[in-house]
Structure formats: C-alpha cells, structure tokens
Enquirer: 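To start, I am sharing the structure in question, which I have written as structure tokens.
Quick note on labels: first sequence line is chain A, next is B, and so on, each numbered from 1.
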Number of protein chains: 2
Amino acid sequence: MEDQERREQALEARALSREARAQAREMRTRAREQRELARERRIAEHVSRDKERRLTQPPLRARGLTRADIVDAAIAVADAEGTEAVTMRRIARELGVGAMSLYWHVASKDELQMLMLDAVQPAAPELSGDWRADLAAFARIARQGMLRHPWAIDYLISGPPVGPNDTRNTDQLLAALEGLSLDIKTAAWVGMTIATYVAGAVLREIQEIRWHKDAELTLAAMPPEEVEKLRRQWEENLNDPAKYPHMARLVTERVDPDSPETRDERFEFGLDVLLDGIAARFAR
Amino acid sequence: MEDQERREQALEARALSREARAQAREMRTRAREQRELARERRIAEHVSRDKERRLTQPPLRARGLTRADIVDAAIAVADAEGTEAVTMRRIARELGVGAMSLYWHVASKDELQMLMLDAVQPAAPELSGDWRADLAAFARIARQGMLRHPWAIDYLISGPPVGPNDTRNTDQLLAALEGLSLDIKTAAWVGMTIATYVAGAVLREIQEIRWHKDAELTLAAMPPEEVEKLRRQWEENLNDPAKYPHMARLVTERVDPDSPETRDERFEFGLDVLLDGIAARFAR
DNA sequence: ACTGCTATCGTACGGCGTACGGCAATAGTA
DNA sequence: TACTATTGCCGTACGCCGTACGATAGCAGT
C-alpha cells in the first residue's frame, strides 16, 4: 500500500474543540438554509412555465399517464432542483398521481434515469465535410447538451453506456471522421478520444460550477471578517513556495486557472490541442 | 426546445403486457440475486485480510477512534462493495462502534467522502525532465489510482475540486511542464487539458467496467436461448445500414471498440494523440 | 351478468442521514 | 481528595427514500 503514508499525512488534523465544533455546525446549518433559499428562488422561476404547461394541456388524468410524461416531469424537476430532488414521490406529486402509479410505466428508478439521460442527448450537428470543423462542432454540441442538464453527469456514471440516441450520435461521429479515411478501428478510437476529452471537460466544469455556487452560498452565510480571514489563509497556503513552488507563481501573477470567465476558452484550447494531435498524426 | 422531438421519438415504446412485465420483473429479481451473490463472494475475499488487520492491531476501543480509522474503514468498505455500501451505520459496524460516534470525528457524510477522496490520491511520479515522458507518467498514475478505487469517481462529482494531496499533485504537474517553458497560464491550461483527458478516460472506463459486470450477471440469470435471441437482436439493430451506416462497419469487420482487452491500449492511444498536439504547438 | 385485463393507488417495510440529549470516563482544579 | 468541566461515545427518534404487495375501479369482450 504505497499511499498509506500519504493518507495518514492528509488526516493529521485533530478533532476540534467543542465550541469550534458547535460553531462549525451552526455555520453549516446557515449555509444549508442559504442553499435552500436559493433553491426555492430557482424553483419559483420554473414554476410559471410549468403552470402554463399544465393549463394549456388537457389534464393528465383524462388522457392517461405515459412514459414520456414521467420522463419529462423528472427532467423538469432535475433541471430546476438537481438530482437530489428527483424522487419517485416527487415526480408523482408533480404529475398529480400516486407514487406507485409510476411503476406501471417504468420498471425502477434506474430505468427512469436511463430514459432521462437518453432523452436529453442533443442531436448531432450537420456535417460540412471538413473533418476538423465537424469534430469540433460535435464536441461543442455534446458539451453544451451536458451543461444544459448538469444533473446528467450524475446518471452518466451509473447507467449503461449507450441508448438509442447515443448510438445515432456515435454513428454520426464516425461519419465525421470519414474525411480522414482511416480504417474503422482507428476511426473508432479517434472518435472515442474526442468523446473522452469532452466527458472529462464536462465533468470538471460541472464540478467547478457546483463548487463555485456552493462556496458562494457558504461565504454568504459567514460574517465578512471570517471570509476575509479564510481568503487570506487560503492565499498564504498556496503562496508558500516551499510547499507548492509552482502554484505560487499562479498566485503572484494573479492567474486564476479556474476562473468561470475563461471556461469556454479553456475548453476550446484543449479541444484545439487535441485536434492538432489528430491532424499531426492522421491528416494526409 | 430543440430536443423535444427526439425525446418523444426516443420514448415511443408502449407499455408492456402484463405477463411480459411480470417476466421482466422476475428477471430483474434474479439478476439482483446474482449481483448480491457476486457481492458476497467479493466480500469474502476481503474479509480475511480485514480480520488479520483487526487481530494484529490493538483493539480500537482501547486506543480510541480517530478520523483516520473512520476514513480507512470507509475506503475498505467502498473498495470491497462499492459506493452504495458506504453508509454511516455500516462503517460504524465495521469499526465496532455506534453510528453516531462517527459524528464526533467527521462533520457529515459529505466531509467523510471528501476525506476518502483525498486519501486515495496517488503520489505524483518522480520527474525525469523529459516533459513528454513526465506528462505521460502523470496521466498513467492518475488513471491507475482511480481505477484502483473505482468508487472515487462517484464522489469526484459532488466534492470540492481540490484537497491537499490534489494540490500537491497539481503543483508537480506544473513542474513537469517546465521543460516546455510556457507562461504560467498556458502551462496551467496544458496541465488541465491532460487532467481533463484522464478524467474523461477514467469516467468512460469505469462506466464500461460496471456495465460489463452488470451485463454479465444479468445474462447469467437468463435462460441461454433468451441470451442468444438478445444477442442476435442487438447485432441486427446495429447492423442495419439504413439506421447506422457507419456502426455497421464495426460489426461486419468484427471490431469491438469497447473490448476490455484494449482498454489500456486505447488510453495510451488518446494520450499519445494529445501529447502530439502539445508537442506540435509548444515544443521548441 | 360475468370475466379478465389495464391502470391506479394506499399501506407498509426496511434502510438512510443525522438532530438531540444523556452517560461514563477522564482531566483539571481546589 | 472531592468537585467540576470536558471529551468521547451512543440510543432514540424523525422524516426522508425506493418499492413489494394487494386492493381496487373502469372497461372490453363474451
């Protein structure tokens, strides 16, 4: 076990004193309250649209429940409130039916998640014939699709790797690669490499976004002098040239590699580098 | 909403008949049983090692519970049985203490997950000075670390993006990039691109592994003629040149892009392409 | 009038995270 | 030595979760 030592080293922090503990708990509670407030605000935005939909369509009970209804409702809940809010009971309430009624149409929550995931796969782009442009368009669309439904990444991990829409997109991706006239195996691998980069980028970005939002709320719940102290501490920690000689340069030159403003730019940067690599190796 | 039509199209499947439904349920139950059997077998493998550890160390109650004990136990459970098995009650049982005792040492399950994640970050490799070799070594170690603890990906999404070990590794990654003598921002972005590729690869691979295992168990629980029918159906579906003209080539040429045997090779392929891109753009 | 199928739902079970308050052991102080 | 405060641990309870099971009510075919 070579990481044994590192583990212990990472956990040397001792238990806090009782009052520090109580204070921390209070802060957490406050942060949670902030989060819930934000959630409610977010829901309020969605509510009008939902109500409209409810009014312009015939009442559900008249025309009967369908799989599509359930999936739509689940997606709406996930979009508005995130994965944790997606429960069978909640979806049923949203549709005005009993919780167990859903199980007539879907076998389990897992199956529902699969259906949700496949339902939000964006359509592949039109192909121009320029492999590089097409591949880039592919990557952008896939990324945008995932960022529009950030909850999807939570299900991506547990579900099966392909649904029908996913299959069609993969096929289109292979089509885009025809311009390079590779053998089919190499083409599949190149396509997979692009998809891999996109998946990683989306993963990182969603993680960033969530953490950013969370940190904001937590900070909002703290007294300003605490915030200032924390910021200073954080900066000093990173700026310690003995511990992190290279990270220090980032701080002193005021470069924030995780800045939200450069998110798109960073994605394009990596994508470009990757396409360069493909071109260098395969373009005739 | 441009994906509205696709969603409906993807969900046109009608409700199943009663007996098909019952049969499907039975199959699911059988598959679950298989899964549980496999889980128990897996646990049995781990149990001896754990017992040994339990015996060679002083009993916990004598020396008192620590954060590190809790994190270790949680990691052990996660390694043996996956994320779902990691519950506060279970960890406590594993340690021979009450469930609520854990909360003296960790603030919440979320904090525990963060600690687990940081604890299994592998150490960065020694640097050779050859940027390309160093970057590749980095990527390989990061990947291996995650594959050794496949549950980590589940927590990666929800947790904050950095812990102490992660910070140190990032610093080392920047160090490896010094050979290219880039400005710090570009270096950070290049490093991030590598990390992104690795994250995506790990995500895909773990997804693949899980699905593979799951499919195996499901198939094992089905009568052989059912299996054969399913396989034939699946192949015909993919082989339909009208629907998936390019996927068909994969089937006819007997290329399986998701084959477990080529997992390492595929990772190296993409990594190589990416490094080519970096070299093409930045190597002097 | 009777039968059987479709769709819906109420109840209940076991498990989850964790708030809260109590308790024993220990340490600090007079 | 006696008293007190702190630390570490834990039993109970609450409100969630997914979902098994069986009971309907409406409807179609005979």
Side-chain angles (χ1 to χ4, degrees), chain A residues 14-22 24-33 36 59-70 74 77 81-93 95-114 154-155 158, chain B residues 14-22 24-33 36 59-70 74 77 81-114 155 158:
Chain A
R14 277 307 319 132
L16 283 60
S17 80
R18 154 149 287 181
E19 73 241 50
R21 188 160 287 274
R25 172 151 61 185
E26 200 206 332
M27 229 146 70
R28 258 184 298 126
T29 309
R30 210 115 45 87
R32 180 146 42 93
E33 279 162 15
E36 269 161 29
L60 249 180
R61 303 302 294 273
R63 62 192 179 81
L65 196 58
T66 69
R67 268 163 97 92
D69 289 328
I70 295 173
V77 171
E81 305 176 49
T83 333
E84 319 157 11
V86 180
T87 70
M88 298 308 266
R89 287 166 159 90
R90 171 63 193 278
I91 297 166
R93 201 182 336 132
L95 290 165
V97 300
M100 292 313 291
S101 305
L102 304 182
Y103 283 92
W104 180 255
H105 303 275
V106 298
S108 66
K109 198 187 177 185
D110 278 350
E111 183 183 299
L112 176 55
Q113 290 179 351
M114 219 185 70
D154 294 327
Y155 297 152
S158 50
Chain B
R14 277 309 316 133
L16 282 61
S17 78
R18 151 150 289 176
E19 72 240 50
R21 188 157 288 274
R25 172 152 64 186
E26 200 206 335
M27 228 146 71
R28 259 185 297 124
T29 309
R30 211 114 45 89
R32 181 145 41 92
E33 277 163 16
E36 267 160 29
L60 250 181
R61 302 302 293 274
R63 61 191 179 82
L65 196 58
T66 69
R67 268 165 95 93
D69 289 327
I70 295 173
V77 171
E81 305 176 50
T83 334
E84 317 156 11
V86 180
T87 69
M88 298 308 268
R89 292 180 222 265
R90 171 65 193 278
I91 298 166
R93 201 183 334 135
E94 213 72 21
L95 291 164
V97 301
M100 291 312 291
S101 306
L102 305 181
Y103 284 94
W104 181 256
H105 303 275
V106 298
S108 65
K109 197 185 177 186
D110 278 349
E111 183 182 299
L112 176 56
Q113 290 180 350
M114 217 184 71
Y155 297 152
S158 51

Enquirer: Please report the distance, rounded to the nearest Å, between CE in A:Met100 and P in D:dT24.
Expert: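 Answer to the nearest Å: 17 Å.
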Enquirer: Evaluate whether atom CD of A:Glu84 has more than 12 neighbouring non-hydrogen atoms of other residues, nucleotides or ligands under 6.0 angstrom away.
Expert: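 No - once you tally the heavy atoms of other residues, nucleotides and ligands closer than 6.0 Å, there are 12 at most.
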Enquirer: Show your reasoning for whether side-chain contact (heavy atoms from CB on, under 4.5 Å) applies to B:Leu102 and B:Leu112.
Expert: CA-CA 10 Å; B:Leu102 305 181; B:Leu112 176 56; 5.8 Å; no
Enquirer: Which whole-number value in Å describes the distance from B:Ile91 CD1 to C:dG15 P?
Expert: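 One finds 17 Å between P of C:dG15 and CD1 of B:Ile91, rounded.
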Enquirer: Answer with base, sugar-phosphate or nothing: what part of the nucleic acid does A:Ser101 contact at a heavy-atom distance below 4.0 Å?
Expert: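 Base, at least one base heavy atom under 4.0 Å.
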Enquirer: Rounded to whole Å, please give me the gap between OH in B:Tyr103 and C1' in D:dA13.
Expert: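 Those two atoms, OH and C1', are 14 Å apart.
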Enquirer: Decide yes or no for B:Lys109 and B:Ile91: does some side-chain heavy atom of the first lie under 4.5 Å from some side-chain heavy atom of the second?
Expert: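 A side-chain contact under 4.5 Å is absent here.
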Enquirer: Could you state the atom-to-atom distance from CE of A:Met88 to C1' of D:dA20 in whole Å?
Expert: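 About 13 Å, once rounded to whole Å.
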Enquirer: Between D:dG8 atom P and B:His105 atom NE2, what is the distance in whole Å?
Expert: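 Roughly 7 Å, once rounded to whole Å.
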Enquirer: Between the base of C:dG17 and the side chain of B:Arg89, is there a donor-acceptor distance below 3.5 Å?
Expert: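 Check passes, donor-acceptor contact within cut-off.
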Enquirer: If I take atom CZ in residue B:Arg90 and atom P in nucleotide C:dG15, what distance separates them, rounded to the nearest angstrom?
Expert: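 Value for this atom pair: 13 Å.
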Enquirer: Below 4.5 Å, heavy atoms only, C-beta onward: do B:Tyr155 and B:Val86 meet side chain to side chain?
Expert: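 When only atoms from C-beta onward are counted, B:Val86 and B:Tyr155 do touch, with a gap below 4.5 Å.
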Enquirer: I need the CH2-P distance between A:Trp104 and D:dA20, as an integer number of Å.
Expert: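 Result: 14 Å.
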Enquirer: Starting at NZ of A:Lys109 and ending at P of D:dA20, how long is that distance when rounded to a whole Å?
Expert: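 Distance check: A:Lys109 NZ to D:dA20 P gives 14 Å.
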